[in-house]
There are 2 protein chains.
Amino acid sequence: MTTQAQGLHTHVLDALGLAITTGEYPPGSVLRTDELAQRFSVSRTVVREVVRVLESMHLVESRRRVGVTVRATEQWNVYDPRVIRWRLAGTDRPRQLRSLTVLRSAVEPVAAGLAAVHATPEQCRELTEQALGMVATSRGRQLEAYLVHDIAFHRVVLNASGNEMFARLGDVVAEVLTGRTHHQVMFEDPDPAAVTLHVQVAEAVRGRDAVRAEELTRQIAVGALRELDILAP
Amino acid sequence: MTTQAQGLHTHVLDALGLAITTGEYPPGSVLRTDELAQRFSVSRTVVREVVRVLESMHLVESRRRVGVTVRATEQWNVYDPRVIRWRLAGTDRPRQLRSLTVLRSAVEPVAAGLAAVHATPEQCRELTEQALGMVATSRGRQLEAYLVHDIAFHRVVLNASGNEMFARLGDVVAEVLTGRTHHQVMFEDPDPAAVTLHVQVAEAVRGRDAVRAEELTRQIAVGALRELDILAP
DNA sequence: GTGACATAAAAGTCATACTTTTTAGCGGCG
DNA sequence: CGCCGCTAAAAAGTATGACTTTTATGTCAC
């Protein structure tokens, strides 16, 4: 589910990254490359490359004569998709899900407003298609199929915004939606009101109504926040 | 200005990263580690570690028997502070500044609203202090001093929001504000209206008025967007 | 007690040999 | 003539060992 093992490097990186983000090595811990090489039965070469990547994520800091130190949580590069995945797979999944949802609630309405201005006809078509797909799968325990359309819908909105920073959040949103469906209390069919809102957003974008698209998406966001008890009902 | 040379690795990474982001090696270009090692007069070891980091930023993709390929721009990890710095230093600085400003305009109002709820007394004090500092330096060509307070102000807001994703955008905002002051048409003193808005945001946060803090920050954002002609005047 | 110095520990760098994957070319076979 | 499979080579991946550089720490002299 996480990452396929294409090489030793990938495997070790994933294992170490997960170990650090889940707190197995709490901030301040010191690792030695030689020990890691032994622990994972790989050469120092591989460990060094992994450490360099971890360092580029600000997860660790490597200093001579002292070793590889785990940095404080506030320093993590929390926008790195791999860090997000590790944290979602680890212990503070709820916390992570919350902060990501808040981020979504800030970004997606603005992105929808921009999408209403910039979306290509093809993107409008795609948007409507995904919204209709959501409607079609919203009843009768088709949660997985619904999820696919939901993810695609939000991804199109972010891409259509024409802003590269927004577009790159597509993966993050996908992770959040997947996490919600799989690990949250999601035994029931999706909220019909939310489904309707998505259809209306698609209409607003197609109709070039930026204000309406933004406002409707804000309502979707409010729903997501309520689901996590971040907002009072 | 970019990064101090603490080691060969850092130097090569910076040089290669900049070369790629500025388009010296356009997407699709293929690099060979041996050639790079020669070009930078370092060992293959160093080059490989650099490539691994670049790969973790999704700037390149390394495949056996083919080499290191530069990936398409849409795949870049544009939230990586280093990528942002490289792009701001390179040729598409204006484009980068625009997308970052749009991101700010989405995030900061929400962050300010949350700050009004979560800010500690210490953060409220700091916020007021920075706002007053902005007032004090807003006249008489003290642009550098003003910038320091401006950056600090926005950083406190993002931190006070209590959301780690927002907090991590402090560096991004700092880069944008710095870029605007240094490379934009910024010969005049700051807009008095903007200064007043900052003071009012500080007041709103201290007064726990989330709605007002959000709305005021939205007005600041609108000003920033107008400055870059992203919004009609 | 303080400061200079020596020591050693750990990362950083390099060179080299070897392995694995994958592309591309070549030749055989239908 | 074309397609398939085999082979060979190219490039990254991995391992190892020797050596360099930085720097924390302890020691010794003052």
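Naming: A, B, ... by sequence-line order, numbering from 1 per chain. Values below: all heavy atoms of this structure, side chains included; hydrogens, waters and symmetry mates excluded.
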- line: Sorted by chain and residue number, the side chain to side chain donor-acceptor pair (under 3.5 Å) partners of A:His9 (sequence neighbours excluded) come out as none
- prompt: Looking for any heavy atom pair under 4.0 Å, which part of the strands does A:Thr45 touch: base, sugar-phosphate only, or nothing?
  reply: base
Nearest-0.5 Å distance, CZ of residue A:Arg98 to CD1 of residue A:Ile230: 5.0 Å
- prompt: Could you run down nucleotides 18-23 of chain C 5' to 3' and tag each one B, S or - for protein heavy-atom contact under 4.0 Å?
  reply: --BSBB
- prompt: Would A:Arg87 and B:Glu164 pass as an ion pair if we require N to O under 4.0 Å?
  reply: yes
- request: Mind checking salt bridge (charged side-chain N to carboxylate O under 4.0 Å, His left out) for A:Arg48 and listing every partner two or more places apart, or none if nothing turns up?
  value: B:Glu49
Give every residue pair that meets the salt bridge (charged side-chain N to carboxylate O under 4.0 Å, His left out) criterion with at least one member in [range], sequence neighbours excluded.
range	result
residues 112-121 of chain B	none
residues 100-115 of chain B	B:Arg104-B:Glu108
residues 58-73 of chain A	none

query: Which two nucleotides bound the region of DNA chain D that has atoms under 4.0 Å from heavy atoms of chain A, read 5' to 3'?
result: D:dT14 to D:dA24
Integer-rounded Å distance: [N] [atom2] and [X] [atom1]:
X	N	atom1	atom2	value
A:Glu61	C:dA11	CD	P	13 Å
A:Glu49	C:dT13	CD	C1'	14 Å
B:Arg48	C:dT16	CZ	C1'	15 Å

field: Distance-only side-chain donor-acceptor flag, B:Ser62 / B:Glu55, under 3.5 Å
entry: no
query: Listed in order of residue number, which residues of residues 51-58 of chain A have a non-hydrogen atom at under 4.0 Å from DNA chain D?
result: none
Would you give me the side-chain donor-acceptor pairs under 3.5 Å for residues 36-43 of chain A, sequence neighbours excluded?
from    : atom 1 : to      : atom 2 : distance (Å)
A:Arg39 : NH1    : A:Tyr25 : OH     : 2.0
A:Ser43 : OG     : A:Thr45 : N      : 3.4

message: Taking ring pair (Phe, Tyr, Trp, His ring centres under 6.0 Å) as the definition, give me every residue that meets it alongside A:His154, ordered by chain and number, with sequence neighbours left out.
response: A:His198
- request: Kindly state each residue pair satisfying ring pair (Phe, Tyr, Trp, His ring centres under 6.0 Å) with at least one member in residues 45-81 of chain B, sequence neighbours excluded.
  value: A:Tyr79-B:Tyr79
query: Any sub-3.5 Å donor-acceptor pair from A:His118's side-chain atoms to A:Ala160's backbone N or O?
result: no
Backbone N/O of B:Leu228 and side chain of B:Arg180: donor-acceptor pair under 3.5 Å: no
query: Taking DNA chain C as the partner, which of residues 27-34 of chain B come within under 4.0 angstrom of it by heavy atom?
result: none
